[in-house]
Amino acid sequence: MHFQTKALHEGYTKDMQGTMAVPIYQTTAYEFRDAEHAANLFALKELGNIYTRLNNPTTDVFEKRFASLEGGAAALATSSGMSAIFYALANAAEAGDNIVCAAQLYGGSLTLTAHTMKRFGIEARFFDVHNPAEAEKLIDEKTKALFFETLTNPSIDVPNISELASLADKYGILSIVDNTVATPALCRPIEHGIDVVVHSASKYTTGQGLAIGGIMVERSNLVDKLRGNARYPQFNEPDASYHGLVYVDVPLPPYTLRGRLSLLRDIGAVGSPFNSWLFIQGLETLQIRMKEHSHNALMLAKFLETHPKVKRVNYPGLSSNKNYANASRYFDGGMSSGLLSFEVADLETAKQVVDATQLYSLVVNIGDSKSIITHPASTTHQQLSAEEMDACGVPAGLIRISAGLENAEDLIADIKQALEAAS
Ligand code: PLP
């Protein structure tokens, strides 16, 4: 089945009422038929609903549909993109281990990996996403994951995905990517050899800025990489917290299973059924929206490239852009999402431009149907040191735009008057 057909139908079998819309199962828990049924569910002899922290029928449709759109085997929905990223990394690494991460990461992922996970004893080692050789030098026997974004936010780089996937394979390490900005409508990293894909569903998935959520997707046959792999004893040895369960011995996708039974159970950052329902609505139009977002961003990028007050424009859909070759190779139909950035002279000019726009909302979000403008140096990246900001490609004069679904001519006219208003 094609993407758009799956986006409308996958994972939902109409219930007895025949409801066209997926019902919202707003419940905390589920009644067991009898004590044996309850015991079987807990022992995984039978699969079914136990408690909404672990599973929920509405969320199940969202997970199945998203897994299918990514070309994966299974998915785990979470309460936010950050919790999906944390689960994906914490599923791989423990205290004493390290993860090799692209320096060009979303600000929250940078602070999570560089600071918060460090306090859990997991070290993050950073490499330039365009330099796999640098990543290779950082890998040792304690490396448990190679982590990067398929379309980086906010630096807007597109790495050579299959080269990095092959590097992880060479060392038997898990490759984990954040595909939030590209979305499965543009890019399906599993097709390029990636093991685990994570998302903030708060962006293009909801599509209208309606809810916070996240999801982790695992590829088919990941068990083959994990079974007998000395890097991952947690999948090969009995889990004392789950009466000795050995994850690679269960005939279910192991990364999702351990994420659900161990991390979701104990940490509990679960998505709500209502938010899952919103994400299901968003997925129905994802592909159509991504075409329009990409078109508007390209029109804006072409205009900005010609403006004298703009030092440089970063949009992978521009043939002049250093990421153009990778974007053409990995993204469908020349689409590059709605995310673009451009640099003006300095911090003050950037603030003036942002303040002078009228159509763009000054918001720290992306992927809304309404266009958004952000100044990373004074917002999302304010907590980073000057060295960290430089390393992740965010100079003080950088302005990021998330092109919405307004008419492209209106978007261009507004940014033009804002640039002219700035001194
Ligand atoms: N990953 C990327 C690329 C993001 O842009 C964001 C948020 O902006 C996140 C992850 C975090 O997602 P959430 O806000 O849903 O926790």
Side-chain angles (χ1 to χ4, degrees), residues 59 62 66 70 75-90 99 101-117 124 129 147-159 161 176-187 189 194 196-217 267-272 275-276 278-279 282 290 293 297 314 316 331 336-341 361-368 372-376 379-384 392-394 398 400-403:
T59 301
F62 172 50
F66 210 106
E70 278 288 5
L76 180 76
T78 61
S79 60
S80 66
M82 287 318 302
S83 51
I85 295 167
F86 175 71
Y87 286 172
L89 298 176
I99 46 180
C101 305
Q104 296 91 337
L105 285 183
Y106 162 64
S109 300
L110 269 183
T111 48
L112 170 72
T113 51
H115 301 288
T116 301
M117 292 191 69
V129 79
F147 176 53
F148 60 96
E149 294 170 7
T150 52
L151 179 45
T152 69
N153 176 23
S155 72
I156 317 185
D157 284 291
V158 185
I161 300 171
I176 302 175
V177 299
D178 181 334
N179 197 33
T180 298
V181 183
T183 82
L186 266 60
C187 176
I194 294 297
V196 176
V197 181
V198 289
H199 278 269
S200 165
S202 329
K203 316 295 172 190
Y204 288 116
T205 300
T206 162
Q208 292 170 284
L210 298 176
I212 299 281
I215 195 156
M216 175 182 90
V217 184
I267 302 174
V270 66
S272 78
N275 284 0
S276 296
L278 289 173
F279 299 141
M290 288 314 286
H293 282 295
N314 196 9
F331 298 165
S336 289
S337 94
L339 198 63
L340 71 146
S341 65
S361 306
L362 178 57
V363 168
V364 284
N365 192 20
I366 56 169
D368 198 315
I372 286 171
I373 197 158
T374 315
H375 181 217
T379 54
T380 48
H381 284 56
Q382 197 195 65
Q383 282 96 331
L384 302 183
C392 64
V394 183
L398 191 82
R400 186 188 66 187
I401 286 181
S402 168

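Order of appearance sets the numbers: ligands from 1, and atoms from 1 within every ligand.
- Checked options Ser200, Ser80, Ser109; the residue passing with Ile85 is Ser109 (criterion: side-chain contact (heavy atoms from CB on, under 4.5 Å)).
- A distance of 4.5 Å separates OH of Tyr204 from CE of Met290, quoted to the nearest 0.5 Å.
- Considering CG of Leu398 and CG of Asn314, their distance stands at 8.0 Å, rounded to 0.5 Å.
- A side-chain donor-acceptor contact under 3.5 Å links Ser202 to the backbone of Gly213.
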Write none if no such pair exists; otherwise list each N/O atom of ligand 1 with its protein N/O partner under 3.5 Å and the distance.
from: ligand 1; atom 1: 1 (N); to: Asp178; atom 2: OD2; distance (Å): 2.6
from: ligand 1; atom 1: 5 (O); to: Asn153; atom 2: ND2; distance (Å): 2.8
from: ligand 1; atom 1: 8 (O); to: Lys203; atom 2: NZ; distance (Å): 2.8
from: ligand 1; atom 1: 12 (O); to: Ser200; atom 2: OG; distance (Å): 3.1
from: ligand 1; atom 1: 15 (O); to: Gly81; atom 2: N; distance (Å): 2.8
from: ligand 1; atom 1: 15 (O); to: Ser200; atom 2: OG; distance (Å): 2.8
from: ligand 1; atom 1: 15 (O); to: Ser202; atom 2: OG; distance (Å): 2.5
from: ligand 1; atom 1: 16 (O); to: Gly81; atom 2: N; distance (Å): 3.0
from: ligand 1; atom 1: 16 (O); to: Met82; atom 2: N; distance (Å): 2.9

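- To the nearest 0.5 angstrom, Ser83 atom OG is 9.5 Å from Ile267 atom CD1.
- Paired with Val197 under the rule side-chain contact (heavy atoms from CB on, under 4.5 Å), one option of Pro184, Pro189, Cys187 passes, and it is Pro189.
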